[in-house]
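Heavy atoms only: backbone and side chains are in, while hydrogens, waters and symmetry mates are out. Please read these numbers as outputs of a predicted model, since none were measured by experiment. In this chain, residues are counted from 1 in sequence order.
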Amino acid sequence: MELNHTHDASARSWLESANAPGTDFPIQNLPLGVFRRQAPGETFRAGVAIGNQVIDLAAIARDQALEGAAAQAVNACAGDALNELLAMGPAAWRALRHALFDLLKAGASGPGVNAMRASLVPQAEVEYRVPTRIGDYTDFYTSIHHARNVGRVIRPDDPLTPNFQWLPIAYHGRASSVVISGTPFKRPMGQAMAPGASAPTYGACKRLDYELEMGFYIGPGNALGAPIPIAEAEDHIFGMCLLNDWSARDHQFWEMNPLGPFLGKNFCTTVSPWIVTMEALAPFRAPFAHPADEPQPLAYLSSPANTAHGAVDVQLEVRLESNEHRSRGVAPDRLSATSFRHQYWTIAQMVAQHSVGGCNLQPGDLLGTGTISGPTPDQAGAIVELSVGGTKDVPLPGIGAQRRFLEDGDAVILRGWCEKAGAVRIGFGESRGEVLPANG
């Protein structure tokens with residue numbers, strides 16, 4: 001995607017909080033989500049984050065503040081989900097983004113700007129919901145570093161499966177248990193087989209884990225039986241979010257013989273509220289290639305554009321906040337940090353692989369990237385990696401404690417942002433979830 005005036009690093013907004021150093025939501029970002037005020041009678045509707053405010057797109061539509069294609073796009077945002085907008089495709093998304101940018105830019109004036117000012121709602125006063133009606137959720141497995149780290153726990157002598165370097169692996173997840181950031185969940189119950197045991201036991205998960213991932217939402221879908229070519233894949237991707245694919249490792253490792261994840265994964269998946277559009281991410285694209293001495297993608301998973309800028313350089317971190325952190329007023333401990341550019345497969349390749357057999361993706365579908373781990377131990381995206389399968393303590397220096405897996409009361413906080421010389425930093429906000437005691 002080519003850069004345009006919405007990526008201008010010198011652009012400023014008349015909303016001062018959008019110009020604050022380190023803000024996740026400058027005028028160059030403009031991510032979309034679904035929100036409502038925390039007040040009786042409020043309904044969910046689409047919004048755009050700018051500084052410390054939310055633009056109420058339903059109010060913008062009602063006031064007829066936009067014209068042409070942008071007006072058609074904002075009219076699709078009056079409901080409680082973004083599916084209708086996502087189905088409209090890149091031209092509509094671009095028209096809306098550019099119109100909002102022009103009205104928010106410093107020096108802008110007129111009725112549209114007045115409507116924009118009147119539509120603002122402080123983020124401190126709102127709550128969010130999952131931004132689309134997710135028909136289907138698929139989670140990939142595309143970090144070679146994560147695959148090797150976890151593979152060594154299960155298969156020390158042969159950690160990487162033969163197919164990993166040839167195709168983006170995935171499993172179909174549970175859309176109904178995708179929740180918005182801030183939603184707590186109960187520790188899951190299930191079966192596990194202890195090492196050396198002759199029979200499994202039933203009980204609460206003892207090896208609860210998080211997974212640092214990103215998610216991306218599908219825009220226009222494809223007809224059943226009509227694959228999406230990799231050269232067209234990004235026209236079907238609206239934008240990206242943070243995603244935590246919580247994992248019951250003891251249940252997962254027992255049940256994955258021979259099929260894929262089931263109860264080990266279906267109890268909760270947490271997403272951040274805001275979808276950062278692919279257009280906003282354009283300045284942070286990077287070249288993509290597999291090492292020359294490793295298998296190269298088959299033709300249907302390769303294109304010149306994917307090679308030139310298929311990677312996305314998103315900086316990511318994981319923090320843990322326990323009950324003790326909260327009671328003592330101590331900041332959460334950082335567990336790891338990495339970048340999304342380390343993934344072995346790109347989002348375009350994931351879409352192409354998902355649809356190559358004729359699977360019909362639909363507007364609002366959610367795809368997860370799989371755990372994001374870098375090449376060094378401190379860049380691991382899951383605690384099963386940091387603790388080497390539960391054999392090593394992971395320190396929490398803020399409270400003088402440690403973890404091997406998650407305990408009740410632990411909250412895991414994912415954050416992500418993009419920054420580089422010559423571009424304005426943009427962020428994703430956060431994905432936060434807290435573990436509650438099991439029902440059993």
Side-chain angles (χ1 to χ4, degrees), residues 137 139 141 146-147 149-156 159 171-179 182-213 243-271 318 320-327 333 335 368 370-371 380-396 399 401-414 431-440:
Y137 160 53
D139 195 38
Y141 185 58
H146 173 70
N149 291 342
V150 176
R152 292 186 186 105
V153 174
I154 307 172
R155 303 174 301 276
Y171 74 92
H172 291 290
R174 183 72 183 174
S176 65
S177 55
V178 176
V179 301
T183 305
F185 68 94
K186 294 182 181 295
R187 182 179 294 271
M189 303 289 291
Q191 281 192 25
M193 177 73 87
S198 59
T201 57
Y202 173 77
C205 170
K206 296 179 180 178
R207 295 189 158 212
L208 187 62
D209 201 356
Y210 62 85
E211 288 191 346
L212 168 64
E213 301 193 22
L243 184 149
N244 189 338
D245 183 37
W246 303 94
S247 301
R249 297 299 186 192
D250 42 358
H251 303 165
Q252 177 190 358
F253 292 166
W254 168 235
E255 71 187 2
M256 284 179 59
N257 289 297
L259 298 182
F262 180 37
L263 299 187
K265 296 281 191 176
N266 73 354
F267 57 94
C268 188
T269 300
T270 304
V271 293
V318 182
L320 188 147
E321 179 187 75
S322 67
N323 281 330
E324 188 172 356
H325 283 92
R326 290 188 285 274
S327 66
D333 276 302
L335 300 185
T371 305
I383 205 167
V384 70
E385 299 173 72
L386 294 172
S387 68
V388 193
T391 64
K392 177 183 176 182
D393 289 337
V394 178
L396 301 177
I399 57 172
Q402 60 282 320
R403 291 287 186 275
R404 294 193 177 188
F405 290 97
L406 299 177
E407 298 183 3
D408 292 347
D410 286 350
V412 176
I413 305 154
L414 312 182
S431 170
R432 177 190 179 101
E434 181 181 340
V435 183
L436 301 179
N439 277 329

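- Environment of CZ in Arg174: sparse, with no more than 12 heavy atoms of neighbouring residues, nucleotides or ligands closer than 6.0 Å.
- Contact annotation: the side chain of Val412 approaches that of Val318 to within less than 4.5 Å [non-hydrogen atoms, C-beta and beyond].
- Note that OG of Ser322 is 3.5 Å distant from CD1 of Ile399, once rounded to the nearest 0.5 Å.
- Using cut-offs of 30° and 60° on the angle between ring planes, the pair Phe267 and Phe185 is tilted.
- Although no hydrogens or angles enter the test, the distance criterion places a donor-acceptor pair under 3.5 Å between the side chain of Arg326 and the main chain of Glu321.
- Using a 4.5 Å heavy-atom threshold, the side chains of Gln252 and Lys265 count as touching.
- Taking both residues in full, the closest heavy atoms of Cys205 and Asp250 are given as SG-OD1, 3.3 Å, listed atom of the first, atom of the second, then distance.
- No side-chain heavy atom of Tyr210 sits under 4.5 Å from any side-chain heavy atom of Phe405.
- Put simply, the side chain of Arg187 never gets that close to the backbone of Ala248: no donor and acceptor are under 3.5 Å apart.
- In terms of modelled atom types and a separation under 3.5 Å, the side chain of Ser247 and the main chain of Asp245 share a donor-acceptor contact.
- Checked for salt-bridge contact, Arg403 and Asp393 miss the test: no charged N lies under 4.0 Å from a carboxylate O.
- Side-chain contact between Val153 and Arg249: absent, with no pair of heavy atoms (C-beta onward) separated by less than 4.5 Å.
- Asn244 places no side-chain N or O within donor-acceptor distance of the main-chain N or O of Leu212, the cut-off being under 3.5 Å.
- Within the 4.5 Å cutoff, side-chain heavy atoms of Leu406 are placed close to those of Trp246.
- In summary, of the residues considered (Leu208, Leu263, Asn266), a side-chain contact (heavy atoms from CB on, under 4.5 Å) with Pro188 occurs for Leu208 alone.
- For the pair Tyr202 and Met189, the minimum side-chain heavy-atom distance is below 4.5 Å.
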>> Could you walk me through whether Trp254 and Thr201 satisfy the side chain to side chain contact (heavy atoms under 4.5 Å, CB included) test, starting with their C-alpha distance in whole Å, then the side-chain angles of each, then the deciding distance to 0.1 Å, before giving a yes or no?
In response: CA-CA 11 Å; Trp254 168 235; Thr201 57; over 6 Å; no
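- Under a 3.5 Å cut-off, the side chain of Asp209 and the backbone N or O of Ile383 do form a donor-acceptor pair.
- The side-chain heavy atoms of Thr371 and Glu213, taken from C-beta on, include a pair separated by under 4.5 Å.
- Once rounded to the nearest 0.5 Å, the distance linking NZ of Lys186 with CG of Asn439 reads 4.5 Å.
- In this structure, Pro261 and Glu255 approach most closely via the heavy-atom pair C-OE2, 3.9 Å.
- Salt bridge annotation for Glu385-Arg152: absent, with no cationic side-chain nitrogen under 4.0 angstrom from a carboxylate oxygen.
- Ring centroids of Phe262 and His251 are separated by 6.0 Å or more, keeping the two rings apart.
- Between the side chain of Ser431 and the main chain of Leu243, no donor-acceptor pair closer than 3.5 Å is present.
- Residue Leu320 holds its CG atom at 10.5 Å from CG of Leu386, rounded to the nearest 0.5 Å.
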